[in-house]
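Presented below is the structure to which this report refers.
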Amino acid sequence: MAILLSEAFKVGGEWSLAGYADFISKPLNRTVFFRTLKLGALVVLVSAVVGYAAAFCIVNLEPAKRGRMFGLIILPLMISPVARTYAWIVILGRTGIVNNTLVGLGISDTPIRFLFTETAVFLGLLQLFMPLMIIALISSMENMPKDAIAAARVLGANWFQVFTRVILPLTREGLVLGGTLVFTGALTAYITPAILGGSKVLMLETLLYQRVNVSNDYVSAGIIATILIVMSFGANVVLRRLAKA
Amino acid sequence: MSDIAVSLKDLTLAYGDTVAVPDLNLDIHRGELIALLGPSGCGKTTTMRAIAGLMTPTAGQILIDNTDVTRVPPNKREVGLVFQSYALFPHLSGFENVAFGLRVRKTPEAEITRRVEAGLQLVGMAHLADRKPAELSGGQQQRLSLARSLVMKPKVLLLDEPLSNLDARLRLEMRTELQRLQRQTGITMVFVTHDQSEALALSDRIVLMKDGRIEQIGSPESLYNQPQSVFAADFVGYENIFAVLPSTTATPDRCTIKNPHGQLQLDYPVAADHIAWRPTGVVIGSGGHHGTVAAVAFAGQQREYVIDTDAGVIKADIDASVTPVAVGDTIRFDLPLSSARLITAQP
Amino acid sequence: MSQTWASRVILSLTLLFLIGPFFIIIFAGLSAGSTLSFPPDGLSLKWYLAVFSVESFRQSFMLSMLLAVFGTLTALLLGVPAAYAICRYKIPGAETIKLIVAAPIIVPGIIVGLALLRYLVVPLNFTVTLALFLAHTALVLPYAVRVVTATLENLRTDIEEAAILLGCTRLQAFTKAVLPNIKSGILAAFILGFVTSFNQVPVSLFLSGPGVRTLPIDMLAYMEITYDPSVAALSALLAFLSIAIVFIAEKTLGFSRYV
């Protein structure tokens, strides 16, 4: 693997950073890079917001129900990502649920293109990785002192203050862990961008695949690989720091 | 055969560079119930683990039945250990827990059944043989753990804080139980505890340890009534301890005692390094000293006074039938020679 | 109470988003038509049956099965002793290993796959199957170590000492006292590893060659060619398989605490 990464620094057998300069100079590469970053961050953000609400509800259920709910949240993780992503084709495709509904209700005359848009990729990634966030939040909420929220309420905090002053600080580690898992997951997912984004909405992983399989460009592949590793490693380090700070 | 069951000779035990027990010498007699007593970190548990073979000594020897077992691995030592947490096997029933060692030794099935049943009978657990450890109470787990060690007929049975995980009532019950088992089986038992009352109540002999060294060895009575050091006195409940300043020629019939908080004058000479009183040895209501009552606590038969004096706090226990003195009142008290324990440092 | 209502709504919507799509796949696969659409053009089981007649699906299913079973078994064979060593002995770097194992996979699978292809398969003439096997084993190994480590940490160390004092050798203490008590953790690790291996795509993406494809890759390839509902049917079948495995595991092991 190290050799692969090192290929990125070689141009015609010479050690050089020219490969990188060349890589960055191409607008497509830049677009793909920022798109990956943006979608990753967006998925983390939305899954955190929804995740808090869902996790909070689940934690407050009675134990038997809580176990069942937890099982339901885990379930999608055990199912093939191909199957999970494929469902979105059925939902968003030309003759899928959304378009059939829209056309059927006369809201739209012709099917709208949802597939191969960033929205489709975003939805797919969100569905794929949100369970990780919910699980991380649930386990850190379960470790919260039982009466912390009640105590804050008694001391006069409203729900917003309870969230910002009690729940958020006490679950920060869970949030960070969940965030790391979701971000790294979104970053390194291949199937979802491949199926839902295709070649129109390339992400770093799909770009890497293209560079190797279509253009045999191992320099670009090495560069993308390096970027991916640095990004996911960086996310790990930065978020870990945040958890401790 | 001599009557020494376990002999520790110049035993040195260390964790890496940290020496936990330097140069320990101790003989444990056959059929004895002996306590290793001391605060946490005094080396008592380390010593016990070394006897079991779970820890290798840096220097010195361990003899069991006059055989050097220093290099014998723990599974060949025939030493039993009842863990503080009992360490029962969660996946096995009570019967199978007790049978475990016999099965490992490939004992014939008929003999296993006989010995395990006898062992369970001995600790009063025969009716619970089919239960898993998780289905047993703390006291029952304790008994099972004892049976598991006893069926192996160990040369010596080690017990790590055997009563500490039990509630007060069970503790009393287990205490008598252990004494009964010891008398019935005649097995040599070494138990480790930090609880002086446990050691005093249970053992034939107490080894008081501090910083890996033996502070005092003796019968419970001798340790309780004649502590040989300030540490021992403190440990067995002499809560008021003072250093004795040398008498001057001007006042040969009195002396000054001190602690880190201050000094008191006694109207009699003391020929010792230290002098100590139990709270029950302090007299209040009369005497040449006075102090302020800082707290009074009713404890059934007696009232426990905390008195602020020139030499810090003095604790006194007075019969509860005596009318109490209010907190904040000045009170007179006496420190009589008759109830004092004199301690002179050993050379 | 309004609060309970709010939580019910939030939970229902979340679950609808997470699980709803599967029901859609199930129905899409039931389509009687020849193109994928929803609601389906009539109902029939023909696509569910068609799945079984596709030769490449059969082959890739077998390959994925074999890889998942043997890759996971190998990973456990390496992972259980490794987890035991990490938990019980002071090995240099144990904390680092735990950290790596606990962290999300830092190195993207697609890169591992590419590296294996470029530097093992091509120059050293490894067969693709062998490379896939190595990749899947490596993929599952962290899960195996993590789950078994967690199980071991919940097990008191003194039962091994007790076993030794009762006459066991170190190995006997492990097999007689430790192993029976971490059985369910190992089984959970196997299931988690199996599912992960069976479902994973990126590592095998480059490694799969013609005729040697894992099932998910084969499905991807099939989708590129035809747009019929057979992939939906197959996806639904695989989902049922996963659900069944997880359901049984949850009932017998309390699987979810190991995830």
Side-chain angles (χ1 to χ4, degrees), chain B residues 15-16 45 48-49 51-55 72-93 96-107 112 116 119 132-134 141 144-161 165, chain C residues 76 80-81 83-95 147-191 249 251-258:
Chain B
Y15 296 100
T45 306
M48 187 196 67
R49 290 177 65 84
I51 298 174
L54 296 172
M55 177 163 191
V72 174
N75 52 339
K76 302 264 189 284
R77 269 194 202 190
E78 296 175 60
V79 168
L81 172 56
V82 175
F83 288 81
Q84 187 174 2
S85 63
Y86 318 135
L88 295 168
F89 305 118
H91 62 296
L92 298 177
S93 68
E96 283 305 322
N97 259 285
V98 179
F100 187 92
L102 298 171
R103 289 204 194 286
V104 171
R105 299 254 154 95
K106 307 242 185 310
T107 316
I112 291 181
V116 171
K132 291 268 178 78
Q141 292 187 25
L144 199 58
S145 180
L146 271 164
R148 186 175 67 176
S149 293
L150 286 172
V151 291
M152 300 305 291
K153 302 209 171 76
K155 290 175 175 159
V156 52
L157 180 61
L158 308 168
L159 302 113
D160 190 2
E161 304 271 1
N165 280 351
Chain C
L76 280 173
V80 173
Y84 185 71
I86 290 170
C87 287
R88 292 293 186 264
Y89 303 103
K90 288 191 183 110
I91 344 176
E95 278 309 305
V147 175
V148 177
T149 304
T151 319
L152 274 171
E153 275 171 353
N154 285 329
L155 191 69
R156 305 191 57 99
T157 53
D158 51 15
I159 67 163
E160 289 154 71
E161 291 184 342
I164 288 173
L165 286 173
L166 291 169
C168 284
T169 60
R170 281 219 157 267
L171 186 66
Q172 281 176 320
F174 178 74
T175 54
K176 284 178 196 285
V178 178
L179 215 50
N181 287 305
I182 59 169
K183 224 169 36 190
S184 55
I186 293 177
L187 207 56
F190 178 81
I191 292 170
K251 285 285 164 213
T252 52
L253 299 174
F255 180 64
S256 53
R257 68 202 151 96
Y258 294 104

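All chains are named by letter (A, B, ...) in the order of the sequence lines, taking the proteins before the strands, and each is independently numbered beginning at 1.
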So does C:C168 get a backbone contact from the side chain of B:N75, meaning a donor-acceptor N/O pair under 3.5 Å? yes
Would a distance-only check, ignoring hydrogens and angles, find a side-chain to backbone donor-acceptor pair under 3.5 Å from B:D160 to B:L81? no
Of the listed C:T169, C:T157, C:L166, C:V178, the one with the largest count of heavy-atom pairs under 4.5 Å with chain B is C:L166
Between C:E160 and C:A173, is there a donor-acceptor pair closer than 3.5 Å when you use the side chain of the first and the backbone of the second? no
Residue among B:R77, B:R148, B:K76 with most heavy-atom pairs under 4.5 Å to chain C: B:R148
Just give me the residue among B:S145, B:G101, B:S85, B:P73 that pairs up with chain C most often, heavy atom to heavy atom, under 4.5 Å. B:S85
About how many Å separate NZ of C:K176 and CZ of B:R103, when rounded to the nearest 0.5 Å? 9.0 Å
Quick check: are there more than 12 heavy atoms from other residues, nucleotides or ligands sitting under 6.0 Å from CZ of C:R88? yes
Heavy-atom distances under 4.5 Å only: say whether B:L88 touches chain C with side chain, backbone, both or neither. backbone
Measure distances from C:Q172 to the heavy atoms of chain B and classify the residue's part below 4.5 Å as side chain, backbone, both or neither. side chain
Atom group of B:R105 that falls short of 4.5 Å from chain C, counting heavy atoms: side chain
